[in-house]
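Presented below is the structure to which this report refers.
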Amino acid sequence: MAELWDGLREAIRLVIEGDATIREVALRTILVSGSATVLSLLVGVPLGYVLARGQFPGRNLALSMVNTGMGMPPVVVGLVVWLMLVRSGPFGGLELIYTRRAMVIAQFIIALPLVAGFTAASIQALPRELPDLLATLGAGRVRTLWLLVREAHLGLLAAVMAGFGAVVSEVGASMAVGGNIKGETRVLTTAIVTETSRGETASAIALGLILLAMAFSVNLALTVVQQRRRT
Amino acid sequence: MEVAIEGMRFVRAGRDVLAIPGLRFAGGRTTALLGPNGAGKTTLLRLIAALDRPETGKIRIGGAPVRHNGTTRERVAYSFQKAVFIGGTVRTNLDLGLRLRGLDARTRSARIEEAAGACGIAHLLERDAHRVSGGEAQRANLARALCLRAPVTLLDEPLSGLDGPARRQLLGDLPGLLRDFATTTIVVTHDRGEALRLADDLVVLIDGRVHAAGTKRDVVLRPPDVLSAEFLGYTIIPGEKEVVAIAPGALRPVPGEVCFTLNVHEVVDLGTHREAAGAIGPVRVSVPIEGSAPDAGAGLTVSAAAASVIRFPKGDDAANV
């Protein structure tokens, strides 16, 4: 118990004093997870729209795959991406393994089904007649998509929160494809694992607090936007 | 602007939902598209609005083929059966279509005020569109279509979901609104009274086929087949060689030119008047009565003027007239 309190005290000191290494790891985490979330939005929102409104063979199968993907273990994603990017793998020539870009790819794959699934659900919750109404009022396809996305903003903000929350907190995929290289691919979650295994409890707790604060801040900001728009 | 349909077929799930060899909605007039539920009325409106594509055939608006892009949609205003709104005020909703059509702010504002005033929703413009009552929503829905002042206005059951007084009031207002804001109008309804009140012309659509089309007077006085006569409220009495159709309200409980015997089942008191309810052969019929009421089981002689009676050869259910 004493170790925990000592750890907490040390963690608070590290956070307040702004340890350079911790700051660097935190910034890298934001960069990697933020990029993966943005990419998953760019692909996942249109994909979710097509799944919600499209009529094509295999739509139910595609929706089931997306729904399954929403609960996919990150470490499995990490393993698959590792197999693809490792030197002997089909994309080994791209030399992406153990880079931040590989981590972004893996996190993008983790976040994509969440964003697409939440988008599909929120678009399907809109009145069925809305796309036709917008079309008759003169909106083209892109405008209709934009207006529907705006109408479904509550669900879409939930998609952002779910996507970012999933990737910022995962450790398995980042460890597998990033390699947890200090100064290069070490992010908050992998750093926590490293510090814990080295017995550096204070550093691990400090990193954990920062991770929690980061996730909370992003979700707080999005929740404020979400609830303001609702009223 | 005339709407013309040529050789059109629309199939859904392997079933012919619509099959119309030829049909014209005259420019500058209001046509009621009348038919029972599931007849294909809304499907036809959607095809005209370029929301769906026919299997075969052509639809032309003002001579130009319907295209699935902005050019057709700019010539059509569509009021859907269900009043659906985007988030925001009633004004935001009325403004959207005008904005998408590239009108400047001053014109948009003038159009909104004008249509909202005429539809009786000027006081609702700054209200959240999702928080207005059913009747107000239906008027806002109508105003959104009318403020576009499109060459062709399509109204799908504009009185649906309204209760008695609100329905009567909007039905009373609609002819004037269409005169002021619309040119060529097609109104979908399953209600004969609504159709007769609103339309210059009638098209009777049953099971995806046009059974009658023409001016209101022609169609009502001379329905071309049994099915359209029945849908227009005629009493249909099948005989051995022919089917007799009697115009709505034409049967009287007195001897006359064309007589029948009504087998009275009961006398129903409707408050303002009484009706003898019974059957002529297998057909259930009610006739208003005055004076002494016939006994149940008695035969009552009823008749109609010859001009109110149409005789169809048996088996006549011709469609796509």
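All values below were derived from every heavy atom in this structure, side-chain atoms included, with hydrogens, water molecules and symmetry-related copies excluded.
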- [ ] State whether the number of non-hydrogen atoms from other residues, nucleotides or ligands found under 6.0 Å of R53(B) atom CZ is greater than 12.
- [x] no
How about L148(B) and L137(A): do any of their side-chain heavy atoms sit closer than 4.5 Å? yes
Test item: I86(B) and L134(A) side chains (from C-beta on) under 4.5 Å apart, heavy atoms: yes
- prompt: Any donor-acceptor pair under 3.5 Å linking the side chain of E129(A) with the backbone of V84(B)?
  reply: no
Discussion item. Tell me if the CZ atom of R101(A) is crowded by more than 12 foreign heavy atoms within 6.0 Å.
Written reply: no
Turns out that what part of R141(A) lies under 4.5 Å from chain B's heavy atoms comes down to neither
When every non-hydrogen atom of A135(A) is compared with those of L51(B), the smallest separation belongs to CB-CD2, 4.0 Å
>> Quick check on F216(A): does its CZ atom have over 12 non-hydrogen neighbours (other residues, nucleotides or ligands) under 6.0 Å away?
In response: no
So, do D132(A) and R46(B) sit near enough that their side-chain heavy atoms are less than 4.5 Å apart?
yes
Output for pair (L45(B) CG, T136(A) OG1), nearest 0.5 Å, gives 11.0 Å
